[in-house]
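One structure is given below, encoded as structure tokens.
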Amino acid sequence: MDSMKSVLGGPGSYPISAVIIAQDDEVRISKAIQSCRLFADEVVVIDGGSKDGTVQLAESLDCRVFVNPWPGYAKQREFGVERAVHDWVFLIDTDEVVSEELAQDILDRKPGLTDRAVAFSLYRIGDFLGRWLDKGEYLVRLYNRKEYGIRNSLVHEMPEVSEEKTVKLNGILWHQGFRSINDHVARFNKYTDLEAQTAYASGKPFKISHLLLRPPARFLQKYFLHGLFKKGISGFAVSIFWVMYEFMVGFKHYELNSSGRLARHNSMGQAEKEKKGERSYAVQ
């Protein structure tokens, strides 16, 4: 579906397409769309098949909307980028909001987007249990699609850009990712599946040392190094969830490796039986 609505002809010498991938998030998508209006010359929404009013809401906000059955994060993101009108693309999720400072900085840089090899990263800060976490992360979200593609990964799909080619933007991308503990656990379960599958597919061996050392190291990193001890129960909960995340990835990676060994064992056993059967038949 394409609503054929856009806000083409906005300010700046180099137009920008904001691309959002969506799925059943009518509650949050409006803020994400509106936060891009200052600098985006169009907003493209790729919906994976929402059952709520996400599509209708996006269309009512003059977005170009396409429905594409969910193929995975990287492929869905690439699907959206390919349908953008402009080569300069800004990636955003439905639960993210561009701060006024960040939107203004992107707008101010539009006339100078002459070098398509330069990509831009922004600082994203998330929330948990009603509190914003001070420690965030830099993510590449503004880039030229003629120069870079989306990393083909099951999770953490982002433009494939080396750090030396990136420029940091001013402002913050607010990530309103927390919905409930149940939702958080469900998403952790999904993301750890993808993380373990990625490790297994790349041939990384399971190491018991990782399972023993990474969870406590992650807790120390988040709680003390990142200062989450200042955030009370919210900070403690986030740190514990990261411990859970590392354990789940490790155990799932082990499970996949064990399943692979069992499959190879059974395959070899079957082959040996067939070989013996052929010899017996020959003797008869």
Side-chain angles (χ1 to χ4, degrees), residues 21-25 27-29 31-32 70 72-74 77 91-99 121-141 151 153-158 171-202 204-259:
I21 58 175
Q23 182 78 45
D24 293 316
D25 208 357
V27 174
R28 291 174 174 79
I29 193 172
K31 287 184 178 180
W70 184 252
Y73 287 100
R77 192 85 70 178
L91 303 178
I92 184 172
D93 293 334
T94 56
D95 57 4
E96 296 173 339
V97 176
V98 178
S99 69
S121 63
L122 49 77
Y123 196 60
R124 186 178 76 161
I125 293 179
D127 67 336
F128 197 84
L129 286 174
R131 300 192 66 172
W132 291 107
L133 308 177
D134 296 334
K135 184 67 176 179
E137 57 184 342
Y138 275 98
L139 301 171
V140 175
R141 290 297 186 87
R151 182 187 300 122
S153 58
L154 296 176
V155 67
H156 306 314
E157 76 300 340
M158 281 295 127
I172 295 172
L173 182 69
W174 299 108
H175 181 211
Q176 300 174 315
F178 181 81
R179 295 158 176 79
S180 67
I181 294 296
N182 283 339
D183 174 77
H184 208 70
V185 170
R187 282 190 288 158
F188 256 40
N189 193 40
K190 178 175 66 176
Y191 295 150
T192 52
D193 276 349
L194 298 174
E195 196 88 51
Q197 289 166 16
T198 299
Y200 178 71
S202 65
K204 290 183 180 179
F206 168 80
K207 294 183 178 180
I208 188 65
S209 58
H210 287 177
L211 189 61
L212 294 174
L213 298 177
R214 288 179 68 91
R218 183 68 78 179
F219 179 84
L220 294 175
Q221 177 199 46
K222 294 294 180 182
Y223 197 64
F224 294 106
L225 185 61
H226 291 177
L228 289 181
F229 64 89
K230 302 174 185 177
K231 296 295 181 177
I233 191 65
S234 297
F236 182 72
V238 170
S239 303
I240 292 298
F241 268 112
W242 273 108
V243 173
M244 292 171 54
Y245 188 94
E246 294 293 349
F247 270 124
M248 290 170 71
V249 170
F251 282 125
K252 289 178 179 182
H253 188 195
Y254 174 79
E255 181 182 38
L256 289 171
N257 281 338
S258 298
S259 298

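None of the values given here were measured: they were computed from a predicted structure. One is the number of the first residue; the rest follow in order along the sequence.
Under the rule for a side-chain contact (heavy atoms from CB on, under 4.5 Å), the partners of Leu211 that lie at least two apart in sequence or sit in another chain are Phe206, Ile208, Phe247, Phe251. Residues passing the ring-ring contact (aromatic ring centres under 6.0 Å, His included) test with Phe188 are His184, Phe241, Tyr245, sequence neighbours excluded. With sequence neighbours excluded, the residues forming a side-chain contact (heavy atoms from CB on, under 4.5 Å) with Ser180 are Asn182, Asp183, listed by chain and number. Ser121 meets the side chain to side chain donor-acceptor pair (under 3.5 Å) test with no other residue; sequence neighbours excluded. Shown here are the side chain to side chain donor-acceptor pair (under 3.5 Å) partners of Glu246, two or more places apart in sequence or in another chain: Arg214, Arg218. Considering only residues two or more places apart in sequence or on other chains, Lys190 meets the side chain to side chain donor-acceptor pair (under 3.5 Å) condition with Tyr73. With sequence neighbours left out, Glu255 forms a side chain to side chain donor-acceptor pair (under 3.5 Å) with no residue at all. Remark: Lys230 pairs with no residue by the side-chain contact (heavy atoms from CB on, under 4.5 Å) rule, at least two apart or across chains. Residues that satisfy the salt bridge (charged side-chain N to carboxylate O under 4.0 Å, His left out) test with Asp95, not counting sequence neighbours, are Arg179.
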*Output, in order, the C-alpha distance, side-chain angles, deciding distance and verdict of side chain to side chain contact (heavy atoms under 4.5 Å, CB included) for Phe236 and Tyr223.*
CA-CA 7 Å; Phe236 182 72; Tyr223 197 64; 4.0 Å; yes
*Go through Leu173 and Val97 one step at a time and tell me if the side chain to side chain contact (heavy atoms under 4.5 Å, CB included) criterion holds.*
CA-CA 6 Å; Leu173 182 69; Val97 176; 5.9 Å; no
_side chain to side chain contact (heavy atoms under 4.5 Å, CB included), that's the test. Do His253 and Lys204 meet it? Break it down for me._
CA-CA 9 Å; His253 188 195; Lys204 290 183 180 179; 4.1 Å; yes
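Contact check for Met158 versus Val140: no side-chain heavy atoms found under the 4.5 Å cut-off. Two residues are said to be in side-chain contact when any heavy atoms from C-beta on lie closer than 4.5 Å; Leu220 and Leu225 fail this criterion.
In this structure, the separation between CH2 on Trp174 and NZ on Lys31 is 12.5 Å, given to the nearest 0.5 Å. Note that CG of Leu212 and NZ of Lys207 are 13.0 Å apart. Values are rounded to the nearest 0.5 Å. The CG atom of Asp24 lies 10.0 Å from the OG1 atom of Thr94; values are rounded to the nearest 0.5 Å.
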Sequence neighbours excluded and cut-off under 3.5 Å, please list the side-chain donor-acceptor pairs for residues 122-131, or say none.
from   : atom 1 : to     : atom 2 : distance (Å)
Tyr123 : OH     : Gly136 : N      : 2.7
Arg124 : NH1    : Glu96  : OE2    : 2.8
Arg124 : NH2    : Glu137 : OE2    : 2.8
Asp127 : OD1    : Gly177 : N      : 3.1
Asp127 : OD1    : Phe178 : N      : 3.2
Arg131 : NH1    : Lys231 : O      : 3.1

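A distance-only check finds no donor-acceptor pair linking the side chain of Lys222 to the backbone of Ile240 [under 3.5 Å].
Asn189 and Lys252 are linked by a side-chain donor-acceptor pair at a separation below 3.5 angstrom, with hydrogens and angles left out of the test.
When all heavy atoms of Leu228 and Ser239 are compared, the closest pair comes out as CD1-OG, 3.7 Å.
When each of His175, Gln176, Arg77 is paired with Asp93, the side-chain hydrogen bond (donor to acceptor under 3.5 Å, both in side chains) condition holds for Arg77 and for no other.
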